[in-house]
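Okay, so here's the structure we're looking at.
Reminder, nothing fancy here: chain letters follow the sequence lines and each chain counts from 1.
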2 protein chains.
Amino acid sequence: MSSDAPARSVRRRGGAGGSARQKGGLVQAPRGVPHNPWPPFQIVSAEQIEAIHSASLDVLATIGMEILHEPSRALLAAEGCRVEGEKVYLDPAMVEEKVALAPAEVTLHARNPANSVTLKQGNIVTCAVGGPAFATDLDRGRRNANFSDMENFTRLVQCLDVIHIEGGGAIEPTDLPAETRHLDMYRAFATLTDKPWTGYGLGAFRADDAIDMAAIAGGVTRDDMVARPAMLTVINSNSPLRLDGPMSEGLTAFARAGQPFAATPFTLAGAMAPATVGGASVQQNAEALAMIALAQCVRPGTPVIYGGFTSNVDMKTGSPAFGTPEYAQAVLIGCQLSRRYGVPYRTSNVTSANSPDAQAAYESMMGLWPAFLGQANLIKQGLGWLEGGLTASFEKFILDAEMLQMMAAFLKPPALDADAFGVEAIADVRPGGHFFGTAHTLARYADAFYSPLLSDWRNFETWEEAGSPTAAQNANRIWKQLLAEYRQPAMDPATAEAIDSFVARRKEEIGAG
Amino acid sequence: MSSDAPARSVRRRGGAGGSARQKGGLVQAPRGVPHNPWPPFQIVSAEQIEAIHSASLDVLATIGMEILHEPSRALLAAEGCRVEGEKVYLDPAMVEEKVALAPAEVTLHARNPANSVTLKQGNIVTCAVGGPAFATDLDRGRRNANFSDMENFTRLVQCLDVIHIEGGGAIEPTDLPAETRHLDMYRAFATLTDKPWTGYGLGAFRADDAIDMAAIAGGVTRDDMVARPAMLTVINSNSPLRLDGPMSEGLTAFARAGQPFAATPFTLAGAMAPATVGGASVQQNAEALAMIALAQCVRPGTPVIYGGFTSNVDMKTGSPAFGTPEYAQAVLIGCQLSRRYGVPYRTSNVTSANSPDAQAAYESMMGLWPAFLGQANLIKQGLGWLEGGLTASFEKFILDAEMLQMMAAFLKPPALDADAFGVEAIADVRPGGHFFGTAHTLARYADAFYSPLLSDWRNFETWEEAGSPTAAQNANRIWKQLLAEYRQPAMDPATAEAIDSFVARRKEEIGAG
């Protein structure tokens, strides 16, 4: 069973059928959005979902949500909600009625139509990391995030077929001015990749700039984009039960433009939410419903994604913990809740680990398995998230690509017909023989099994001769190879110029205050 | 959210209720066998299971199984099977009738009754690694396995509550004579731990010595053990479709003594089985059913465990691959097949990785999630398996302990009542506040969330000051700490003496030929 040839040798997968392809000299799994063909795995009963639902409506009606944005409070007041100061008490019937207006499916249109993706029941769409303050890799270690790192992460988004959506800046480029950096970032997203990308939901101007630039890049108007959304963001509540001003503005801008956002409370059980999975889920549900309902008040039919980010603290230290057993349960409950409301569900690929090691992998898997089996529809922070989200790691990015590819391959139902069973092949081989050279095996040679991007299947001796690389070290080689072979997707010069002009004009406007 | 105190600080979990306990200064999850309270996750339909079932009976009837053991062939012939040379053609009706005699539950009685475990629907029992030729750790690297390493692994079996059964020698102590080393091993298992342990199924004398020594250690007779089994082994077919002489002898010895074994084909798709998950599952099922049926011919009612070990080769190199997407599917199909026959299911915790790195973790998770959600009942090779089973790793042992603890914690249904929801706490905290000091949180302080054995939740700065340890390096520290604090379980001197006498006598007998 030993192997003299390196398992990582370059080869092209797939035949004329093109079910898989080669890129950057590395084997990647087939393109496309993974679809779970099985009934969703559920851990709580329909009655328990109703109990969470009822308790969360009770929270909204009796405790209320603080909304630090007068226009939003006014909208809710107009729908009959009681408003006291900055506190809004949301009427349960109104919430249910508004949430029912949110569509069940959301398609994000990429400037390259082949990269458009639909969030809907069974589909599991993946988005790269977004937002960390630090970047890290094995060569240079952890450093303040900068624009050059952000560009490289964006190039990796383009290279890796397993990624469907850019994540909003894998890191926050703190070397650029805070008030205008979003424009440089958006230009990078719009030009370095032709996949959908993520804008800021923090403040109306950053949200509107994202929508404007997606329109320019896609050669469409903002009106066109209402029917064909092209921009995505995340709106976080400040748990518990507060929606701040900038986020309210972003929500409003996205809803007005008919662009989808993931309404995501960050309900860390024991800190910003009760110290139980049940209590944190109630609070998550209350805050998510409030944001979804508000969006429908701004514009009925606004596409929204129910976002869940319930994890727990380490009770000893107060530190947040991710990829815990409680996190896994919360993901599954969140998936069930989103189906209760008929909207797509957003989850994440998380870890508390400080390096791309075994802990980073198993904590990620504690989030990915529930996401794929419970049928989340959008995995934000899908690749590269490390250190509880403080850092984006180039090596973790590749580790995550492998794990996501494996999960996607797992979702493909095995063939279970007579041809697949191969009883005749078993008869030909006979007891004690082997199947290497049988016609049944040869006919399946190219695509019989998942072929890894990262995993090292060389035998020990060959692996040792190669320097005994860990998975993180193999990942280091792979992201560099991908960057070396990256090709910027084509964009017609007029569009590129229009983007540049927009950025220049907006920088002037912002500079002028 | 930052933390100055190391997250790994020693503390005792659980209150007077004793739901968790401290050992060796390290926090461990509560004792006990994990039980999955939800319906099993299934990926194929009942009709597809019937198709696999039918095809496998067809294989046994028309292709037949080579059984290199005349008494076994004679037994099957007496049941009406056609025998030609060493080939036995098994009658489908006979197979179904015999398999139906196998009990649905199997209890293994430990010499310490608190450590007895039951394999039954929903229970997930874990067994340590068994059989590798090499041992490895971060300090000394990979080396030929020796008895001293084997003893240390056995001590870790005793230390870690997440392990229910010793695995039959974490490594094969090649420094001891081949013909008698099983006796030294059994003495180590019987004395260094008071949990159930695994004997050899390779040859009648090794099987019988295991059963005899378990009887001595437990203070019971072999007759007592029929009603109260205390010994476990694995019987592997030589796929495709061959049961060799030593394994037939072991099967016969275990069945005669009423002791359970895991009937486990090693159906590596593309090598020893067809290059499809479906075909390999058909062949796995045929071979497993043949062994289960044979055991019932030896002694009706023999407790058996349906064992599955279907993975696939790397088609490029022929190397075996483990923890693949296909492996995950095969585990779930195997769980479904075992339920079709009403017998417990055995699976494994596998990886192809050569070091205890991220790959080792995610490949293990690709086996553990299906095992826990599909409801396997016995996870053999549950801790320490590395490098496709060639090596037992001390660090992987601890990584696996953590992953198994996390999976067990995940199975505990979250409380979803008003008390857990804590709506009153949410009301008290109010928007923008925090839950750290609330009565609701304080009442749950000790046991609110899973507390890790290994995972490093320290913030980056604290972790860096501690030397930036990877998970493998943290695991290295932990297994040493466990060994340092290991205490051998008590055994009355007469029993210890009886074991010594048995070993001495048997060594003489074997030496005399």
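Using a 4.5 Å cut-off between heavy atoms, B:Leu390 does not touch chain A at all. Of the two parts of B:Pro356, only the backbone, made up of N, CA, C and O, holds a non-hydrogen atom closer than 4.5 Å to a non-hydrogen atom of chain A. Only the side chain of A:Met403 comes within less than 4.5 Å of a heavy atom of chain B; its backbone N, CA, C and O stay farther away. Using a 4.5 Å cut-off between heavy atoms, B:Val423 contacts chain A through both its backbone and its side chain. Heavy atoms of B:Leu332 lying under 4.5 Å from chain A belong exclusively to its side chain. Proximity to chain A (any heavy atom under 4.5 Å) is restricted, for B:Ile63, to the side chain, taken from C-beta onward. Of the atoms belonging to A:Glu395, not a single heavy atom falls under 4.5 Å from chain B. Heavy atoms closer than 4.5 Å to chain A are found nowhere in B:Glu287, neither backbone nor side chain. Neither the backbone nor the side chain of A:Ala472 comes within less than 4.5 Å of any heavy atom in chain B. Contacts between A:Glu326 and chain B at a heavy-atom distance below 4.5 Å involve the side chain alone, from C-beta outward. With a 4.5 angstrom heavy-atom cutoff, B:Ala425 does not touch chain A via any of its atoms. Neither the backbone nor the side chain of B:Lys396 comes within less than 4.5 Å of any heavy atom in chain A. Residue B:Met365 touches chain A through both its backbone and its side chain, counting heavy-atom pairs closer than 4.5 Å.
Of all the heavy atoms in B:Phe449 and A:Val313, the pair that sits closest is CD1-O, 3.4 Å.
With rounding to the nearest 0.5 angstrom, the CE atom of A:Met315 is 7.0 Å from the OH atom of B:Tyr445. Rounded to the nearest 0.5 Å, atoms CZ (B:Phe410) and CH2 (A:Trp369) are 11.5 Å apart. Taken from CG in A:Leu416 to CD in B:Gln329, the straight-line distance is 9.0 Å, to the nearest 0.5 Å. The line from CZ of B:Phe460 to OG1 of A:Thr391 is 6.5 Å long, rounded to the nearest 0.5 Å. Annotation: the span from A:Leu268 atom CG to B:His434 atom NE2 amounts to 13.0 Å, rounded to 0.5 Å. Between A:Trp463 atom CH2 and B:Ser352 atom OG the span is 13.0 Å, to the nearest 0.5 Å.
The candidate with the highest count of non-hydrogen atom pairs below 4.5 Å against chain B, out of A:Ala358, A:Ala443, A:Gly323, A:Pro413, is A:Ala358. Looking only at heavy-atom pairs under 4.5 Å with chain A, the residue among B:Ala418, B:Ala269, B:Ala330, B:Pro37 that has the most is B:Ala269. Between chain B and the options A:Ile333, A:Val59, A:Leu373, A:Thr351, heavy-atom pairs under 4.5 Å are most frequent for A:Leu373. Per-residue counts of heavy-atom pairs under 4.5 Å with chain B were compared for A:Ala51, A:Ala273, A:Ala409, A:Ser355; the largest is that of A:Ala273. Most heavy-atom pairs under 4.5 Å with chain A, from the set B:Ala361, B:Gly278, B:Pro274, B:Ala471: that is B:Pro274. Across B:Leu368, B:Thr441, B:Asn312, B:Thr470, the residue that shares the most heavy-atom pairs under 4.5 angstrom with chain A is B:Asn312. Ranked by heavy-atom pairs under 4.5 Å with chain A, the first of B:Glu402, B:Glu387, B:Lys87 is B:Glu387. Between chain A and the options B:Gly279, B:Pro325, B:Ala360, B:Ala427, heavy-atom pairs under 4.5 Å are most frequent for B:Pro325. Of the listed residues A:Pro370, A:Pro39, A:Gly64, the one with more heavy-atom pairs under 4.5 angstrom with chain B than any other is A:Pro370. Of the listed residues (A:Met407, A:Arg242, A:Met366), the greatest number of heavy-atom pairs within a distance under 4.5 Å of chain B belongs to A:Met366. In terms of heavy-atom pairs under 4.5 angstrom with chain A, the leader among B:Asp58, B:Asn238, B:Asp357 is B:Asp357. Contact tally against chain B (heavy-atom pairs below 4.5 Å) for A:Ser239, A:Gly270, A:Gly422: the top residue is A:Gly270.
At least one donor-acceptor pair under 3.5 Å links the side chain of A:Thr276 to the backbone N or O of B:Ala420. Formation of a donor-acceptor pair under 3.5 Å by the A:Gln283 side chain with backbone atoms of B:Ile426 is not found in this model. A distance-only check finds a donor-acceptor pair linking the side chain of A:Asn354 to the backbone of B:Arg458 [under 3.5 Å]. A donor-acceptor contact shorter than 3.5 Å links the side chain of B:Trp38 to the backbone of A:Ile43.
Side-chain atoms of A:Trp457 and B:Glu363, non-hydrogen and from C-beta on, do get closer than 4.5 Å to each other. Inter-residue side-chain proximity for B:Gln359 and A:Leu454 is flagged as unmet; no heavy-atom pair is nearer than 4.5 Å. In this structure, A:Tyr362 and B:Leu399 have side chains that are in contact, with non-hydrogen atoms separated by less than 4.5 Å.
Within a 6.0 Å sphere centred on CD of A:Glu424, other residues, nucleotides and ligands contribute 12 heavy atoms or fewer.
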